[in-house]
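Read the structure below first, then the notes.
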Amino acid sequence: MSSCGLKHILKTMGEKTVHIQYFALLREQRKQANESLHTNAQTPAELYRELAQKHPFTLAQENLQVALNEEFVSWETSLSDGDHLVFIPPVAGG
Amino acid sequence: MSSCGLKHILKTMGEKTVHIQYFALLREQRKQANESLHTNAQTPAELYRELAQKHPFTLAQENLQVALNEEFVSWETSLSDGDHLVFIPPVAGG
Amino acid sequence: MFRLSNSPLEINNLHASLQSETAGGFVCFEGRVRTLNEGKTVTSLEYESYGPLAEKEGLRVIQEAKEKFPIIAASCVHRIGHLQIGDIAIWVGVISQHRGPSFEACRYIIDEIKSRLPIWKKEHYQDGDSGWINCEKPNSSSK
Amino acid sequence: MFRLSNSPLEINNLHASLQSETAGGFVCFEGRVRTLNEGKTVTSLEYESYGPLAEKEGLRVIQEAKEKFPIIAASCVHRIGHLQIGDIAIWVGVISQHRGPSFEACRYIIDEIKSRLPIWKKEHYQDGDSGWINCEKPNSSSK
């Protein structure tokens, strides 16, 4: 089976590749600024729960906002293959 | 009778010398920026009535404020010999 | 600090004078000569003041602002003389630890200065007319 | 106009860009790095941002201010990177015909930008400690 064929089957099963960018405290706790990963998470909320089990994130979801493809979205938005996500810690501009 | 003696008698009679400075519309209507005059007026209110009879002032007393010796005062303040008065038209700074 | 100025306001110096290591916020207001006022085209204007009393009253306004709001410092300079369109007629600057008091004190200062200081403004109009603002409208017999 | 800047803000250029013959009032706000925050001595700080979204959201805030208040123009630049005490972190300027809307729009812009834009601040303290503001206090498990 070619890798293209595998990717197709995985997508059909709900797996997708998403690109995540980390900032501020999350970047320091993740120890990197971005990553691409395969996930079965259907929403940003599911994805954050998944990540929070693997990494020492101290911020609870209710303290974060989430941006999908450069726009703020709800935590229950459906994720698609290739999406770009940013979990936004409490802001402090100005 | 010396002029000093006359001055004394006039003062006793209530006459005094006051110095008036005019600004803005009042200066233009008085056609001069200041004058010193002898008056029997006891208060700035009386003095303004006296002046308004001689000059084409269009501002009514209720539209003016008055300053005596560089401070805002009431129209019923007693005038003294040598006082410096300014009738203050409606202001428009800033 | 409050003063009257016969020459153009030196904004950079005024700005530089309001510095403090503990200031997190700076707010300034500039009043500028604009070309239109109440439907008439203004070409230039003159400010005249009763200087000694204007300076006393201006300082009182600054002092009141310091008492009413938790600010670090406040300055104001009011221009006197003949001004052209775009010229700065008044500059008010305030610094404070947090931003709220700077906004409130700056607004307080400009509002009080406009309503209390013995300063008068004569506008010159494109149609050749001119007039002392607030002086000729209330009883229009003079025009 | 809204933008992020990695270099010191050029206040004179920003000021000069807000000119209009019909503007009678100009209000500006500068947020500066101050030495004390909540009792700790700050020595420097870093601003980090999610640039593309911060710029979109910044422009939205400026646009909202123009819809809510009768102003002529508004500009804001937010500094990103490593800042020292006294450095300007943000500059907001507004011009309008009358002064009220400039004050209100300037306050609206700074308030919204502080609360909505994806920009983060890390303070470095004299005692060697440091921290991301608003991120470490809510659940103090991280410190």
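Basis for what follows: all heavy atoms, side chains included, without hydrogens, waters or symmetry-related copies. Order of the sequence lines fixes the chain letters, A, B, ..., with proteins taken first and strands second; residue numbering starts at 1 for each chain. This is a predicted model, so every value here is computed, not measured.
Side-chain atoms of C:Trp120 do not come within 3.5 Å of backbone N or O of B:Phe23 as any donor-acceptor pair. Proximity of a side-chain donor or acceptor of C:His78 to a complementary backbone N or O of B:Gly94 within less than 3.5 Å is detected. Judged by distance alone, the side chain of C:Glu48 and the main-chain N or O of B:Ala24 form a donor-acceptor pair under 3.5 Å. Judged purely by atom type and a 3.5 angstrom limit, C:Asn134 has no side-chain atom pairing as donor or acceptor with the backbone of B:Pro90.
Here C:Ile119 is the residue among C:Ile133, C:Ile90, C:Ile119 with the most heavy-atom pairs under 4.5 Å with chain B. Your options are C:Ser49, C:Ala89, C:Cys76, and the one with the most heavy-atom pairs under 4.5 Å with chain B is C:Ser49.
Within a 6.0 Å sphere centred on CD of C:Gln126, heavy atoms belonging to other residues, nucleotides or ligands number 12 at most. Within 6.0 Å of NE2 in B:His38 there are 12 or fewer heavy atoms belonging to other residues, nucleotides or ligands. By the neighbour-count criterion of 12 heavy atoms within 6.0 Å, atom CD of B:Gln32 is densely surrounded, having more than that number from other residues, nucleotides or ligands. Within a 6.0 Å radius of NZ in B:Lys54, more than 12 heavy atoms belonging to other residues, nucleotides or ligands are found.
Of the two parts of C:Glu46, neither the backbone nor the side chain holds a non-hydrogen atom closer than 4.5 Å to a non-hydrogen atom of chain B. Only the side chain of C:Lys56 comes within contact range of chain B, with at least one heavy atom under 4.5 Å from a heavy atom of that chain. Both the backbone and the side chain of C:Tyr50 come within contact range of chain B, each with at least one heavy atom under 4.5 Å from a heavy atom of that chain.
Under the 4.5 Å side-chain criterion, counting only non-hydrogen atoms from C-beta, B:Glu70 is not in contact with C:Glu55. The shortest side-chain heavy-atom distance between C:Leu53 and B:Ile88 falls under the 4.5 Å cut-off.
Between C:Arg60 and B:Glu71, at least one side-chain nitrogen of the basic residue sits less than 4.0 Å from a carboxylate oxygen of the acidic one, meeting the salt-bridge criterion.
Of all heavy-atom pairs between C:Cys135 and B:Leu59, the closest is O-CD2, 3.4 Å.
Note that CD of C:Glu136 and OG1 of B:Thr58 are 7.0 Å apart. Values are rounded to the nearest 0.5 Å.
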Show which side-chain atoms of residues 61-69 of chain C pair as donor or acceptor with protein atoms under 3.5 Å away, not counting sequence neighbours.
residue: C:Glu64; atom: OE1; partner: C:Tyr108; partner atom: OH; Å: 2.5
residue: C:Glu64; atom: OE1; partner: C:Arg116; partner atom: NH1; Å: 2.9
residue: C:Glu64; atom: OE2; partner: C:Arg116; partner atom: NH1; Å: 3.4
residue: C:Glu64; atom: OE2; partner: C:Arg116; partner atom: NH2; Å: 3.0

